Number of protein chains: 2
Amino acid sequence: MPPTSETLTAERILEATEEVLRRHGPAKATVVDVARALGVSHGSVYRHFRTKAALREAVTKRWLDRTSGQLSGIVAADRVPEDRLRDWLAALFAAKRRKAGEDPELFATYMVLTDENGTAVGEHITDLETQLTRIIQAGVEAGDFAATDPEASARAVFQATGRFHDPCYAREWEEPGTEADFAAVVDLLVQGLRRAQ
Amino acid sequence: MPPTSETLTAERILEATEEVLRRHGPAKATVVDVARALGVSHGSVYRHFRTKAALREAVTKRWLDRTSGQLSGIVAADRVPEDRLRDWLAALFAAKRRKAGEDPELFATYMVLTDENGTAVGEHITDLETQLTRIIQAGVEAGDFAATDPEASARAVFQATGRFHDPCYAREWEEPGTEADFAAVVDLLVQGLRRAQ
DNA sequence: CAGCTGACAGATATTGAAATCTGTCAGCTG
DNA sequence: CAGCTGACAGATTTCAATATCTGTCAGCTG
């Protein structure tokens, strides 16, 4: 199988790894498979990624960063903070749900990584909480929200909506009533953030 | 091994099963083991429980019901609804955390059952949501809470606090900062329930 | 005869040998 | 000589044979 004869770059390896993961799933996706897909020896892959875990983590990071990137657009949007918050949470839920449905194998890899406590997932969560903090901060400045500690509030909102973005709930996202449950939780949280009166 | 020579009852089987589960864990706890612990043949166990899954579910149900029973005392307590709500959520968190720590094997069984989608876990959740509904209903009647649909609000509160009672988060319950996170989420939810002004 | 036993068939789990994979590195190649 | 290869040791996974378990039931027993 003659591969693209360009030089072997980390990016090309990540591309191929994502494809192999998508095809074979996390359990049955070896470094040898990735090398074979690229038409190189597996030793060459180890030149760019120290371990298999590092490779898997890099793939997941890239994948998670795409979600973060999409969401950051909402943070910067020109809307009332409350609407930005609602949009952001809805977009997060939609993105996770779509990924779980469309790329089940990659999603499974993500779940493996969550268990492994790799830094990529932790950083992704920190990133999302930072985005949320900005929205809440904007709401406080606009006088709409009453949070004394926007960062803590952001963390609370993120954790309270876990049922709608945490992979461990993925199975339940397609059940009927989920939309209503999501709306109820978001309404309750938004109400809690609002300045009294 | 001469067993207690009383007649074999469902209760005695449950007792023995719980002990076997505690000792061996859910993966390595067979019906044969349970029968051996009771000094009877495994056929006798099947006289009381149609399948192994039914036995496991009955054990878990008994175990879950103990928690529900403790919490129901708080629902009926003579306190302001908001305090009852806070106490109830704190007690739920404390109970789950204690069980995860003290009876890890039984807790693992509970998690297996959650995956299996048995009715026991569903009923337990329904039970807890009903208790929450009563507290919120009391808060609405006292004019403290503004919920238009106490049942939906109860469900939202329950789901929003999932991080602090859902078994899939058990590992994180002992990490530093968890208490503060819990307090932040509860504060936000209580604030959201309060009557405006 | 109500309740229990133990043998049985089919399903599931365990085990150990063989195959594959991970990660390293000396040496080849362009 | 920078980058790649491929052989290698030890770790992990696969696979098939074996053992154990689940669920049933005819018959034993008190």
Side-chain angles (χ1 to χ4, degrees), chain A residues 1-60 105 108-109 111-113 115-116 118 120, chain B residues 1-60 105 108-109 111-113 115-116 118 120:
Chain A
M1 185 197 299
T4 323
S5 56
E6 290 167 39
T7 43
L8 188 61
T9 100
E11 184 60 24
R12 278 188 65 220
I13 293 174
L14 289 176
E15 206 89 48
T17 305
E18 194 168 315
E19 185 51 33
V20 170
L21 277 170
R22 222 186 294 272
R23 195 178 305 278
H24 295 86
K28 170 70 191 149
T30 71
V31 175
V32 172
D33 286 332
V34 173
R36 194 160 25 228
L38 287 162
V40 300
S41 104
H42 74 280
S44 303
V45 174
Y46 279 98
R47 172 163 299 280
H48 291 86
F49 296 92
R50 194 109 44 76
T51 66
K52 181 185 179 179
L55 176 57
R56 190 168 45 196
E57 186 153 348
V59 170
T60 307
E105 300 294 9
T109 305
M111 283 168 79
V112 167
L113 217 75
D115 285 349
E116 278 176 0
Chain B
M1 187 197 296
T4 324
S5 56
E6 289 166 41
T7 44
L8 188 60
T9 102
E11 183 60 23
R12 278 188 65 219
I13 293 173
L14 290 176
E15 204 90 49
T17 306
E18 192 166 318
E19 185 53 31
V20 170
L21 277 170
R22 221 187 293 273
R23 196 178 305 279
H24 296 87
K28 170 69 192 154
T30 72
V31 176
V32 172
D33 286 332
V34 173
R36 195 160 25 229
L38 286 161
V40 300
S41 104
H42 74 280
S44 304
V45 173
Y46 279 97
R47 173 163 298 280
H48 292 86
F49 296 92
R50 193 108 45 74
T51 66
K52 181 186 181 180
L55 176 57
R56 191 168 43 196
E57 186 154 347
V59 170
T60 308
E105 300 294 9
T109 305
M111 284 168 78
V112 168
L113 216 75
D115 285 348
E116 278 175 3

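Just so we're clear, the structure is a prediction, and the values are computed from it rather than from any experiment. In what follows, chains are A, B, ... by sequence order, proteins preceding strands, each numbered from 1. Just so you know, these numbers use all the heavy atoms, side chains as well, and skip hydrogens, waters and symmetry mates.
Between the CZ atom of B:Phe49 and the P atom of D:dT24 there is a distance of 15 Å, given to the nearest Å.
Comparing D:dG23, C:dC4, D:dT22 against the side chain of B:Leu8 picks out C:dC4 as the nearest. For B:Ser44, taking side-chain heavy atoms from C-beta onward, the closest of the listed nucleotides C:dT5, C:dT24, C:dC21 is C:dT5. In the set D:dT22, C:dT24, C:dC4, the nucleotide with an atom closest to the side chain of A:Tyr46 is C:dT24.
One finds the NE2 atom of B:His24 at 12.5 Å from the OG1 atom of B:Thr109 (value rounded to the nearest 0.5 Å). Rounded to the nearest 0.5 angstrom, A:Leu55 CG and A:Glu57 CD are separated by 10.5 Å. Distance NE2/A:His48 to CZ/A:Arg12: 9.5 Å, rounded to 0.5 Å.
Across all strands shown, A:Thr30 has heavy atoms under 4.0 Å from sugar-phosphate atoms exclusively, and none from any base.
Along DNA chain D, the nucleotide nearest to A:His42 and the one nearest to A:His48 differ in position, and the one closer to the 5' end is contacted by A:His48. Residue A:Lys28 is the one, among A:Lys28 and A:Gly43, whose nearest nucleotide of DNA chain C lies closer to the 5' end (criterion: closest heavy atom). Positionally, the nearest nucleotide of DNA chain C for A:Val31 lies more toward the 5' end than for the other of A:Val31 and A:Arg47.
Across all strands shown, C:dG3 is found opposite D:dC28 as a Watson-Crick or G-U wobble partner, with both distances under 3.5 Å. Nucleotide D:dT20: paired with C:dA11 (Watson-Crick or G-U wobble, both distances less than 3.5 Å). Pair assignment for C:dA17: D:dT14, on the basis of Watson-Crick or G-U wobble contacts that are both within less than 3.5 Å.
Between A:Thr17 and the choices A:Val59, A:Val31, A:Val45, the side-chain contact (heavy atoms from CB on, under 4.5 Å) rule is met once, by A:Val59.
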